[in-house]
There are 2 protein chains.
Amino acid sequence: MGWCGHLATHLSAHPAMASLLRAAATWGLFPWRGYCSRGTQGELSKGFVEALKAVVGSPHVSTAAADREQHGHDESMHRCQPPGAVVWPQNVEQVSRLAALCYSQGVPIIPFGTGTGLEGGVCAVQGGVCINLTHMDRILKLDPEDFCVVVEPGVTRKTLNTYLRDSGLWFPVDPGADASLCGMVATAASGTNAVRYGTMRDNVLNLEVVLPGGRLLHTAGAGRHFRKSAAGYNLTGLFVGSEGTLGLITAATLRLHPAPEATVAATCAFPSVQAAVDTTVHILQAALPLARIEFLDEVMMDACNRHSRLTCSVAPTLFLEFHGSERALAEQIERAEEISQHNGGSHFFWAKEAEERSRLWAARHNAWYAALALRPGCKGYSTDVCVPISRLPEILVQTKEDLKASGLTGAIVGHVGDGNFHCILLVDPEDAEELRRVKAFGEHLGSLGGDGA
Amino acid sequence: MGWCGHLATHLSAHPAMASLLRAAATWGLFPWRGYCSRGTQGELSKGFVEALKAVVGSPHVSTAAADREQHGHDESMHRCQPPGAVVWPQNVEQVSRLAALCYSQGVPIIPFGTGTGLEGGVCAVQGGVCINLTHMDRILKLDPEDFCVVVEPGVTRKTLNTYLRDSGLWFPVDPGADASLCGMVATAASGTNAVRYGTMRDNVLNLEVVLPGGRLLHTAGAGRHFRKSAAGYNLTGLFVGSEGTLGLITAATLRLHPAPEATVAATCAFPSVQAAVDTTVHILQAALPLARIEFLDEVMMDACNRHSRLTCSVAPTLFLEFHGSERALAEQIERAEEISQHNGGSHFFWAKEAEERSRLWAARHNAWYAALALRPGCKGYSTDVCVPISRLPEILVQTKEDLKASGLTGAIVGHVGDGNFHCILLVDPEDAEELRRVKAFGEHLGSLGGDGA
């Protein structure tokens, strides 16, 4: 989410946010003047555009409608709200000068990575300048002994993992899309591996950030990449998930993990949502070192079968994955099967070969598109709710009933090991009445938990 | 560290701290007025002490010299700097009223838990009121299915783990001392289990905090204990490690872990510091799921042998521990031995029985006292430095040479899996010249890395 994104939503989502925002504004940490008092509403003066060009060079500034529109939306159904201009800085000095320029003029800034978000974070609700950071795409430093790497904002997670292929290391956070890693920092991205490797919160060691006034900040100190440190306030943690509101991330030092020696994936069908979630809790309680555990309801499973040509049962399903040595995996598989069967799980399918596993996870990652195909011509709208795991069955059942009562089409997928699930609603964007029902449904669901990622 | 603790140190330790502190002061997040302009220097007016009594009741306020002195130091060599009064609030409402009272009068506040810190955080350098939170010692809620517990600030980690004994769960962060859990939050405590279970940063889900003005804040929202959430700024993370400067922690929701099915500990001696650290890196690279890996240099090992009646070789040594199923442990032990032997490790001692393991870890945890016994009558001073693991051998060797050149007595222990080590110096507090050398040594060492925990 950019500096002028959906902050109202965030404000209401957090009781302490309002006071923090007021506070932050007093120390100039973000351009509230621009946001609060006089957003540019898409209009930027000719002189201002010339000033942008003076910083990054003419070829790297665009006010063309096509570019502005392309940068005014992400992959969600949120209405396109184009910025007044798009700029492509080539280095951190230019980012700093751009920030200082916009800040001095009270013009909102929206950082832009791959545009793969699902929550409308890049929509320029108050106009302003979209700063597309994808031209800064170097991998600056790999430190295999310290398990860390420094990347510029244009580097995506797939690019990084390709680069790491021969190092014996990998970066596990995987939200599905091939998002930019710094965008994943800004949104505190999570994904299917979070249950074992944590979310972005757990895997960022240092950030280089351009503050709104143009000043450069290294959140953990310049050049530092300690596995842990207790010196000073945890500024790194504050910027992870700050959604672009506190500054522009121009480099991130990320924690890497040893690539697993062996990997096995599986699917298992369950007679009910309760049985699938109970299995999750029991597997976690048994301290089985799961790498991934994902839940798909029967609607989602049906959509994935069709879209990705799987042949899974149309039932509440868990997708599992284990990482470890061959021997460790054999034991983990045995115990996971025991626990699943005890909860009524059946139709186990174990995928040991890389190709089979890729097919399964591609299906899971394409769940969004599979859901879209359920109602051609409609747009997707994804809720993102975190709840305590103990309340998950009850809330999932309730959500499915609410869906039915609202007459909406929706499919559910969840990072169930973290109590985080998405309900993907298929919506006709031309149908105002349906949009109203979607909004009411989303608000009710949001009241049950917290924002996920 | 209290609101008026060694902030100057912290300021210099972090490049962004100064601006954050200035900023925070403008939104009243902590009583800088009291700290900066007119600390009470031990003197509190009679009327003010009466006002404290009106809040918590006469029996829970003391201005007796013995109480004030007992609260003016921790277990470190930092000079005792007693507060003007000590109060023992009984509940969060009283904490809130105390905070409001002190804040309105510009009187510094120092939160106090068990006083087991090693960095002088509780010293009342500007006088003020010490708020001893140990009377608030209830375990408020255990949620086994959600793997979390809510504790008041007087609950220590050992008390919690005793309480959890039959639940199949435990709280793994273990800094050695039986510290209060909220004190561990405030100092971002770490310890021997961090390599597997993380530090306090990774294990706090929510905090109830009394802000200086008296207002109550739930950092992740009231009653919330999600495994993950991306809603709003990461305030929980900001308060973890804030050293008492941002508010008084009056309750913490902590993440629990399944108790390991089986546990094996080991010691292994190495021909050099380099060999011990190389072994650590290789074990981490092999993704062996270590629970603990601790380094002791030969001076420390000698001290532990004497103090705790071990019979280990007097050599650079690793203490290891593995958690898992019986079968998983057998494999992990085999591979750890292979890697250690490859690096010249010898004299393996595997402790499988609970009693043997306890003896080993008690020895490690008593390293501080073992080191003190090296030079009876002297005080201990512990450095706390984090460095990238790749630089650890070089820095450890350098540190040992610096020790020798400075003519100081010091022993080294390290949470080596995190690149964090402590050099425990034995110092004659009456010898000003020696204190000067200790200071110079500590400053030089600090310049090599960041603060640990």
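On a predicted model such as this, the values are computed, not experimentally measured, just so you know. Within every chain, numbering begins at 1; the chains are lettered A, B, ... in the order of the sequence lines, protein sequences first and strands thereafter.
Other residues, nucleotides and ligands place more than 12 heavy atoms under 6.0 Å from the CD atom of B/Glu334.
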Hey, mind stepping through B/Asn234 and A/Val240 against side chain to side chain contact (heavy atoms under 4.5 Å, CB included) and telling me if it holds?
CA-CA 8 Å; B/Asn234 181 8; A/Val240 177; over 6 Å; no
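Considering OH of B/Tyr233 and OG1 of A/Thr245, their distance stands at 2.5 Å, rounded to 0.5 Å. Once rounded to the nearest 0.5 Å, the distance linking CD of B/Gln285 with CG of A/Leu169 reads 7.0 Å.
For the set A/His282, A/His323, A/Arg335, the count of heavy-atom pairs under 4.5 angstrom toward chain B peaks at A/Arg335. Between chain A and the residues B/Arg327, B/Gln332, B/Glu145, the most heavy-atom pairs under 4.5 angstrom are made by B/Arg327.
The contact between B/Pro144 and chain A is made entirely by backbone atoms, counting heavy-atom distances below 4.5 Å.
Nearest heavy-atom pair across A/Val281 and B/Phe147 is O-CZ, 4.2 Å. Closest of all the heavy-atom pairs between B/Ala328 and A/Glu331 is N-OE1, 3.5 Å. In this structure, A/Asp146 and B/Ile389 approach most closely via the heavy-atom pair OD1-N, 2.8 Å.
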